[in-house]
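Report on one structure; see the data block that follows.
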2 protein chains.
Amino acid sequence: MERNTRQRNAILGAISSAGRPLSTQEVLAAGQAVVPSLSIATVYRTLKDLTTEGWILPVKLPGESDRYEVTTLGEHYHFKCSSCSKVFDVHERIKNSNLPAPPNFVVEKYDLILYGRCSNCIPKRKGQKPSAAKYPF
Amino acid sequence: MERNTRQRNAILGAISSAGRPLSTQEVLAAGQAVVPSLSIATVYRTLKDLTTEGWILPVKLPGESDRYEVTTLGEHYHFKCSSCSKVFDVHERIKNSNLPAPPNFVVEKYDLILYGRCSNCIPKRKGQKPSAAKYPF
DNA sequence: TCGCTAATGATAACTTATTATCAATAAAGG
DNA sequence: CCTTTATTGATAATAAGTTATCATTAGCGA
């Protein structure tokens, strides 16, 4: 990166403030809220640049295309809501002593991916619709 | 399925006896050991049929294409060796009470994916090469 | 403000995995 | 052994996500 463009700022800003990993389409939508002309080509280009420069990281879930989040979050897992399809960060830790492992295998790292309903997709009372999402995507 | 072909038998046999999830290319290689003319088109077709019929299931890992295993294994996780890229089943359980979850989120299911070195890829002594794989793929 | 050129936007091209096509082959019943 | 037709093998086509191309736009130093 050599120039500080509105597009780049909008993209990194969207990812930084989202509080959860964003898909390329979510990044596009959030970025266009700031720079309406933002194109998907610039999103892909900038996501690659920001990754190379160490600002963001791809989040890979089974059978899905990459989402992106900032690199400053430390060790955590991910929760995918089966209703709204958003992915959330989970910072609660799993006790290492409870990690299963086959005999004679050395575990170097692991991923834990939770699936279920996020707080916005759990109806509060019978017959009530889920409340509006906290996030703009 | 209406006819009991050598190709179908070779494919289901390979998956049944592998003891771990196989990629489409691994299924092709194992099947060709029995039916040399076996084509990748037949592998894809048969994997789809066997899945529909409930004999096998796709195993999805982040950023990778599907592997397949028989449906009779019960709940388990997967271990991917970072050296030989094979995926192994892990039948040891994780204690449910230790599952992290964000407040007000309902966890319906979860995946645990371990990464590290399998027993065949851990050198037994200094300077010794890893022993031959237990499996033919 | 000017000028250089990196960055952008629109879209074509590409990639990799998977599916469709169709003539040739081979199960399985008679 | 025949006949029927489901299945196969070879390959073209497809799909979705990502990357390349290139004329235009716009940072930013002078």
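These numbers were taken from a predicted model, which means no experiment stands behind them. Each chain gets a letter, A, B and so on, in the order the sequences are listed, and its residues count up from 1.
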Nearest listed nucleotide, side chain of [X], among [options]:
X: B:I40; options: C:dT8, D:dG9, D:dT11; value: D:dT11
X: A:S37; options: C:dA27, C:dG9, D:dT18; value: C:dG9
X: A:S39; options: C:dC4, C:dT11, C:dA10; value: C:dA10

Kindly say whether [Y] contributes a backbone atom to a donor-acceptor pair with the side chain of [X] at under 3.5 angstrom?
X: B:S23; Y: B:R67; result: no
X: A:T51; Y: A:L57; result: no
X: A:T42; Y: A:L38; result: no

Compare side-chain N and O positions of [X] against OP1 and OP2 of [N] and report whether any pair is under 4.0 Å apart.
X: A:T5; N: D:dG27; answer: no
X: B:T42; N: D:dG9; answer: yes
X: A:R3; N: C:dT5; answer: no
X: A:K48; N: D:dT19; answer: yes

> For DNA chain C, whose closest nucleotide is more 5', that of B:S65 or that of B:A41?
Replying inline: B:S65
>> Here's a test of your reading of the structure: between B:Y44 and A:Q7, which maps to the more 5' nucleotide of DNA chain C?
In response: A:Q7
Starting at atom [atom1] of [X], determine the distance to atom [atom2] of [N], rounded to an integer number of angstrom.
X: A:N9; N: C:dT8; atom1: CG; atom2: C1'; answer: 14 Å
X: A:N4; N: C:dT8; atom1: CG; atom2: P; answer: 10 Å
X: A:E64; N: D:dG17; atom1: CD; atom2: C1'; answer: 14 Å
X: B:L47; N: C:dT18; atom1: CG; atom2: P; answer: 9 Å
X: A:E2; N: C:dC4; atom1: CD; atom2: C1'; answer: 13 Å
X: B:L28; N: C:dT18; atom1: CG; atom2: P; answer: 13 Å
X: B:D49; N: D:dT7; atom1: CG; atom2: P; answer: 8 Å
X: B:D66; N: C:dT16; atom1: CG; atom2: P; answer: 18 Å

>> Please give me the minimum heavy-atom distance between B:F88 and B:C81, naming the atom from each residue.
In response: CE1-CB, 4.3 Å
> Counting any heavy atom closer than 4.0 Å, what does A:R45 reach on the DNA or RNA strands: base, sugar-phosphate only, or nothing?
Replying inline: base
> Relative to each other, are the rings of B:H76 and B:H91 parallel, tilted or perpendicular (30° and 60° limits)?
Replying inline: tilted
